[in-house]
Structures are given as C-alpha cells and as structure tokens.
Amino acid sequence: MTPILMKGHERPLTFLRYNRDGDLLFSCAKDHTPTLWLAHNGERLGTYRGHNGAVSCCDVSRDSSRLITGSADQTAKLWDVKSGKQLFTFNFGSSARSVDFSVGDHLAVITTDHFMGVSSAIHVKRIAEDPQDQVGDSVLVLQSPDGKKKINRAVWGPLNQTIVSGGEDTVIRIWDTETGKLLKQSDVEVGHKEAITSLCKAADDSHFLTGSHDKTAKLWDMRSLTLIKSYTTVVPVNAVAMSPLLNHVVLGGGQDASAVTTTDHRAGKFEAKFYDTILEEEIGGVKGHFGPINALAFNPDGKSFSSGGEDGYVRLHHFDSNYFNIKI
Amino acid sequence: MAAVVDIDALSAQLGVNWSEVNLDSIQLPPGNNFGIESDDEAVYHDDQSEFDTGFGNIIVVDHLPVVPKEKFEKLEGVLKKIYNQLGVIKENGLWMPVDPDTKMTLGYCFIEFNTPQETELDCLTMVVYILRVCFNVWGSLQEAQNAKEKSHGYKLDKTHIFAVNMFDDFDRLMNVREEWEPPQARPYVPGENLQKWLTDEKARDQLVIRSGPDTEVYWNDARQKKPEPVHKRPYWTESYVQWSPLGTYLVTLHKQGAAVWGGADTFTRLMRYQHSMVKLVDFSPGERYLVTYHSQEPSNPRDASKVEIKVFDVRTGRMMRDFKGSADEFSIGGPGGVAGASWPVFRWAGGKDDKYFAKLSKNTISVYETETFSLIDKKSMKVDNVVDICWSPTDSILSLFVPEQGGGNQPAKVALVQIPSKVELRQKNLFSVSDCKMYWQSSGEYLAVKVDRYTKTKKSTYSGFELFRIKERDIPIEVLELDNKNDKIIAFAWEPKGHRFAVIHGDQPRPDVSFYSMKTAQNTGRVSKLATLKAKQANALFWSPTGKYIILAGLKGFNGQLEFFNVDELETMATAEHFMATDIEWDPTGRYVATAVTSVHEMENGFTIWSFNGNLVYRILKDHFFQLAWRPRPPSFLTAEKEEEIAKNLKKYSKKYEAEDQDVSLLLSEQDREKRRALKEEWEKWVMQWKSLHEEEKLERQDLRDGEVSDVEEDEYEAKEVEFEDLIDVTEEIVQESM
C-alpha cells in the first residue's frame, strides 16, 4: 500500500471530509485555505480563499454543491464547491470549531468556542436554497453547562431530531433540536476521562465513534447513548474514522506535538491504528506521518482512506487487496 | 466516667443532640489521640488505663548506690541528668529518701514526671479541659512509662544496675500471692498460613504493581496469558511497597509509619511499625527485622539533615533499637549523599540467621549483633578511610575497601574480615587504584573486585578484576584482565548460584559481552573465558535466578533491546524489544521475566511478561506505572542432589504438566471462540436494530431531503465509460537531418 502524499497545506491539518460520491476530498488546515483534492489520485483541484484564520472543520452537502467551513477568524462560510466562490459568511463572537449539515442540507449546526466572556455554544442555522435569501440568524442556540470548555464537535442525529455534541468537558450530550433541551448525557463511569477530540458518525446515523485524549475511542448508540464498544490505545486520540465497508475503526493521534523533538521518533506512535469493531482488538497500523495525526476520513466506498497530520501532509491510502481478506 | 457525665450535662445545656453527631467524621490531630484508644490498641495499653491513683507519673528507681550525705547531691545530679533525657521531671519531683540515723541514702528514689497545672475553668471550656487533662496526664504517663522502659537495666556501673518500676505497680507487686499458681495455658490459636501462596496448584508466582493511585497484586497466569487479580487497593501505600526477602510480607509506607501485609487468602494487615514520615525500609535477609529510615531536611541548609533509624522485630512489632543523629554519622560523605545517607545504612550479614548488621561511617565500621542490639565487643572497628563494605550473601564475612592514602604512599586495600571474631581472613594491597567495586556471588563462593587503575600518565583508567575463591583453602586470589585491557567495563554480573559471570565491556554504542567461568572441565582452579559476543546493543545484564539464561538488555539509550541468551549452549534464543523499557525483573523461579516501562516516560507505560526464552506471553498497559515487583520465594527445601535428580528425569514429570497445558489451551481457545461468537451476536443485534429503525425512518428522511428517494442508490448508478478526445495543440517541427 503506497500512499499518495498530498502537500498543499503549510500548517497542520485539522479536518478531512469526503463528499458522498467519494470522488472529492476536502481538507482543512491551520493555514487559512481549505483545499479540494481528487480522491482517487490526490490531484489538487483548488482552494477556497477568504478565511483569515485557522480552519477547523468543514462539511459538504449531499449533492456536492455547497461547502461549509468553520474558522478561528470567528466566521463560518458557505462556499460554492465548483467555483470556489464565497456565498455567505456567518459571523460569531468567537472561533467556529465544528460544522455539520443536516439530513436534507437545510440546516447546519455550528459550534463556537468561548472567548472574552462569550461562552461556548452550539448554533443551528437555516441554510437557504438560494444563497440570496441566506440570513445569519440562528434558529436555535444551545449552551453547554460549562461555558469555559470547548465543544469540539457537534453533529446531527437521526432525522435531525437530535444534536450530539462532545468536547473538552469529556461528556457526550444529546440535545433535542425542537426544544433545545438536553436529552441525555454520557455516563461518567463509562464515558471518556479526558477531552473528546473527535466524533464521527455512521452513514446511517445509527451509531458514532468518539476519540479522546484519554487514549481511548468509544462507540455509542446514537439514539440511546449506550456505550457499545471501547478501543484502547497508547497515545491520545485526535481523530477517528469508521470503515463503511468492513467492521474496522481507525484511530489516529500521537504524543503532544511539543514533545516530538525531545524523544525518539518511534516514541510518538504517529500511526493510524486499525481495530476490529466487534472484538475491539488491534489489527494493524499505518505509519508515515512525522507528527500526530489530526484528521482521518474513510472514502464512502471503504476502499481508501486519508489521514492528515501535524506535519502538514495529507496521506491518501488505497488499500491493497489483501486488506479486504484480513482474518483475526 | 465522670467526664462522660459532664459532657452530657454540657451538651444538654448547649442543646447538642449527640445522636445527630457523626462521631466517625471527627478526625483527631495526628499523633494525638486524647487518650482515646482505638480498639486494636487496647490490649497493648491495657495496664495504663488505671490512672485513678494519680501516681501514674511516678517511677521508683531501685538499686542505686548507697551514698553518704556528701555524695548525695552528686548522685542526685547524675539521676536528673539521666531522667531529664527521658522526660520532664516535675519540679522537686525527685525524692531520694535518707536513713535518718546514718544519713545514708537507702538506695532508691522516686521520680515524678510533669503533670499539668491546675487552672480555673468555666463551664464552657470544660470539655476542652477534660480532653486536655486526659491528654496531658496521658503524656506524662507515657513519659513515665517510657522512662521506666528505657532506664530499666541501665548500668550506672558494674554493681549498680537500675531496677525501675512504676509506683502504681507496687501495690500489685506487694499483693503477689505467696503460692505460685501455674498460669492458665491459653488455647493455641493457629495463625494464618502466611506462605499459602506457595501452595498454589498451578505453581504460579505473584507480582505487585503500582499504577496511578492503585496497588494491585496479581497471579502471573502465563497459561491463560493474563494476570489474575488477587488483591487491589487504592492508596494502599503513600510512597512505595516492598516484599520481604522471603516473600512473606508486603510492606507499605505511610505517614505514621510502615505496615506489613500478608495472609492466607487475601492481604490483611499483620503489624504496624510507628515511625512518622518514614521514607525507606529494609528487611533483614531472614525477614526477622525491619529497618525504617526517616530523614528531616535541616532548616539551615548548611547543617546536615537529621536522620532517625529504627529497627523493629517484624513479628512482634517491638522496636528493638533506634538510632538518631545527623546524616554525617550515617554516611561517609561521599558524593552520593545529597540529603541523607546512602540506603541501606545498615547492611545485614548473609544467611537466614539475621545475626549481624553493619554500618559504615567515617573511619569506622560498626557491627551490631541482634541478640542485644549492641556493638560486637562493645566497640566499632576502626579502619582508616574505609569507603565501602559488603557482606558475603551467605556467611558472616565482611569485605571492605580502603582507597589509597598519602598520595599513593599507602596502597589501597581490599580485605575480608570474619565476624564476630574480627579476624582478617585475607587482604590484598592494590596500587594506583582509582576505584573499586565488590561483587559477591550469590552463594558466597566467590568475590569479584573490579579495580579501576590509573594508567602511567594518571590521565585515564583501565579496569581489571581480582577474583577471590572464598571456599578454598587460604582464599586464593586471581587477577583477571580483559583481552583488551583498555576496555571500559559497563556492567558485571555473577551467575546466581553458579560459577560464571558476564561482563559488558568496550565502547558505547556497541560494546562486547564476555562470559567467564571460575571452573571449566579442563581448568578447575583457574578462571577462563567462555566466549565474547561482539558489538551488542546492551548496557545491563540480567541473569535468570536459576542461572544458565541471561538477558542482555539495552535500556535507556538503547530503547529496550532484549537478547535472551543461553550461556550453556552459548547461543541466542531470541531477540526482542520492549520499546523504552526501564526495568527488567525475573520471577523468582526463572520461568518468566517482566519488562516494564515506568512513569519516567510519559508514554507506553505498562509491563510485558516474557517466557525465559524470549516468547512474549502477554502485555499490560497501565498509565502512570510506577513499580513492579515479583513476590520472592523462600529457598527450596530440596537438596542439590534431589534437584539434580528431578532435572534429570524432567521428561517424566513434565508429561503431566504438558497434558494440563494442552487442556488449558484447548479450553482457552474454546472460551475465546465462545466469546467471539457472543460478541458477534451482540453486534448483529445492534446492526439489526439499526437497520430496522433506519427502514422505519425512511419516509421521514425522504421528506427531509425534499423527496429524494433512497439512502443507498447503488442501483441508480450506471457506470458508463466515456471516451473523450480533445486536440489540444498541434505543432510542426522540421528536424534537419544532419549528414
């Protein structure tokens, strides 16, 4: 399995997203320009210029026409995927941390950090059919109990009825999108012990996987918030992904970037680790990044995946045929 | 009881409802129990509870010299001096009666220790007062008791040995019946079998680990490829834990002192040893005594820190002796002593008798014996400039090293001294020595002394060995130099119970490892080299406790390289790596070995168990991993011949165990299959549930998507290959043919 190295970002990667067809790959990094790549050969198609801060997250609509990005310049922007034009800018009083389109793409959930007395929050925006009609007002604003902790990720639940959020306060919460009420919280006993860094949901919105600095990833039922599986690794987890094809989950992470230069290169464990979803056992690892892995994404066809690292590279891996016959 | 009534009255007055007060939540200040004894101390302090007479703070000292009037004051002065060290004597509290006729003393005196001042109190401070009275009386009682215990048997001179009694005891002693009554024999209560762990059916070994706040004891179940928990306790110890040398006890350290744990089935507290802020502990090799150490940083950095060492009897918990002083008295002022003495301060002589222990201090070696806990022959051995001592692991022979003095005029010296006779068995003078290290072989048969000598220019050093054969007549000494005598020696280790040793020598990063034998088949009286392994990534040697196998380990800079080596066959059995490994420890039987990454590293914390030949058995990850220690086993009762016989007929014995192993592995794979099946089933159930829910919600989802139909549209797609040709550019170029 020879990876394709994609060097387009000058700063650490933060997020990777495939479109539904699996032919396009969007990457976000701490430099200010989200980039679009061809998912099969890693050719760079273009960039989205306009942000003035690190871009932390993006999402693409089902028909691959719209892109939404959240950035530390305190805005979230809507883009036309094809032309790279900015369509609309949502302004906030603080960094936008995560974005996610709802089923049907008529709504988007955006989380913002705390900043200068503004506490972190989850905003729901209506996305207009025609960009001309787009307004910046929030349909719903949800406040986390601890406003001083970042909400690192919020995604839509089944049928847009709920929003699932997780962040630095280690608790996963399920909110009702109608009433804005908190429906469920993850159990302290079984839940994460340190900040939740990433959250990725299954294609059918039935379950989701969270990664945390407590060196574990956990698989939850999205409706009942029941803990189903737990995967333990040796390094803080920054990114998680689930194979849509096989019962595999991938965890990425590594030691803190500040400690990299002071220890042996093998100490970092900058590997993407594959686990069997059901048995919770490690299957293997994919090495390559010099620095922690910050982003992981599976191609919707399950035949390739890409990883983005602190080193500024996106590595695109097409699986060898023997990957599909792994037996454990 | 009066106190209780008063408290009731007071509480009624104050409106306090005692039934609402949670007495358990009241914490007494440490070291101050206000005279309230916890239940388990009741037995110990039984006799002290009767302080009704009010004379509990008076002791009677008998067997004093009978002196005339002229010497009265002198004797009084001496007594005051003695007893003021043990407690505060009340003003006019020393009364020595005098015979009115002869004006001679009667040979005894009364000493009263301090009691509290009476003060006028109002009602509200009554409770406080009562508590304080209790405590203060208790304090002076203890002083008296302490003084009694400490000075009883004190030898003023040869004929006057103090007999000290509590004043209160006189009543009791006077009422002793004339006729002797045989004491009631208490029925024998069998104690717990403290060595029950040795009778484990699967002959497993135990190990203790500390990680985060937890201390856990496990069976090392290699067959099941996992540890089996025995006991777990958070905050079991406040610094570290340690097994006793024969594995009977586990000692934990606390603010108030040390405690030992053990028992047949689980770990219960067997004894406590009071020594506040204890820092280090050490057992005697036969685990009869426990030495505890505490040092206090001086308030003035120029002063030496204060050191207190106590020696306890492990089984009774009695303090046998304590030593106090500044750190200087317990160390030789070497560069190692940063804020205290080098541990262990007291080194125990080998063997199970626990008879002698020795302390090294400036120019002296103090050897104590445990019968009286005093110095042998009442005096220390004077050895000028001695810097290191080392006991033979089996005999009471002390080896000592004295470096060069007078700029080389007086040679350095290594000597063997027999204890208790203090006879020098053997000594060797060594010239131009910079340093010496002594290594005893575990059965005390050989002593290797690594000698670093200066080269002629005095700018560099080279190393050699002096090998002593202790058990042979006249203790012959042999000099061994490495093939390349300029090689630096990185590590040295004797084969346990064997006659071989291994040396890592040469230059980093790829030193050589050599094996030597003190007696080969051809050459029984001389040391000979067995082999040299070139360019190994190793900096530490770990012999299996049974010998024969050794791990050449590259710790620290080498990131945990492991080479499992068979010295009999001189072949490598396996090479492995435990990345970042910091510690390696063989189990007491030499069947398994644990390698660990402790919390000196941020990551990878945990331990790995290997078989003796380098097969990975299992691996456990634990964050904040501090310590791993195998539970030692006492030495085997089998004779050497019997052991040899078993080794010879190993095939016969092993059959049974192999069958068992197979059963277990079958069972395991069966269990594993079963587990996997259950997990798969459970997962399928979830997937089914998700699928059906997904199906149910299909229409609603369609609505949300403005009527777009399905979720999975594979059928919708039609892969079409479209060929597309585009003429981009045409250029014509005429290439001239050159002829």
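Chain identifiers are assigned alphabetically (A, B, ...) following the order of the sequence lines, protein sequences preceding nucleic acid strands; residue numbering begins at 1 within each chain.
The stretch residues 617-625 of chain B places Leu621(B), Asp623(B) near chain A, each with some heavy atom under 4.5 Å from a heavy atom of that chain.
The most heavy-atom pairs under 4.5 Å with chain B, out of Asp205(A), Asn247(A), Leu107(A), Thr232(A), come from Asn247(A). The candidate from Thr226(A), Val234(A), Ile228(A) with the greatest count of non-hydrogen atom pairs under 4.5 Å with chain B is Ile228(A). Of all the listed residues (Lys215(A), His106(A), His207(A), Lys229(A)), the one sharing the greatest number of non-hydrogen pairs under 4.5 Å with chain B is His207(A). Interface summary for chain B: among Ser102(A), Pro158(A), Ser206(A), Gly104(A), the most heavy-atom pairs under 4.5 angstrom belong to Ser206(A).
Heavy atoms of Thr277(A) lying under 4.5 Å from chain B belong exclusively to its side chain.
Ring orientation note: the planes of Phe274(A) and His248(A) are nearly perpendicular, at an angle over 60° on the 30°/60° scale.
Counting only distance, with no hydrogens or angles, the side chain of Ser224(A) and the backbone of Asp221(A) share no donor-acceptor pair below 3.5 Å.
In terms of heavy-atom proximity, Tyr240(B) sits nearest to Gln627(B) at CB-OE1, 3.8 Å. Contact record, Trp220(A) with Leu225(A): CE3-O, 3.8 Å, taken as the closest heavy-atom pair. Listed here is the closest heavy atom pair of Asn238(A) and Ile293(A): CB-O, 3.1 Å. Listed here is the closest heavy atom pair of Pro511(B) and Ile490(B): CB-CD1, 3.6 Å.
Applying the side chain to side chain donor-acceptor pair (under 3.5 Å) test to pairs two or more places apart or on separate chains, those with a residue in residues 124-134 of chain A are Lys125(A)-Ser138(A).
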Can you check side-chain contact (heavy atoms from CB on, under 4.5 Å) on Ile283(A) and Tyr275(A), steps first, answer last? CA-CA 5 Å; Ile283(A) 304 167; Tyr275(A) 285 76; 5.7 Å; no

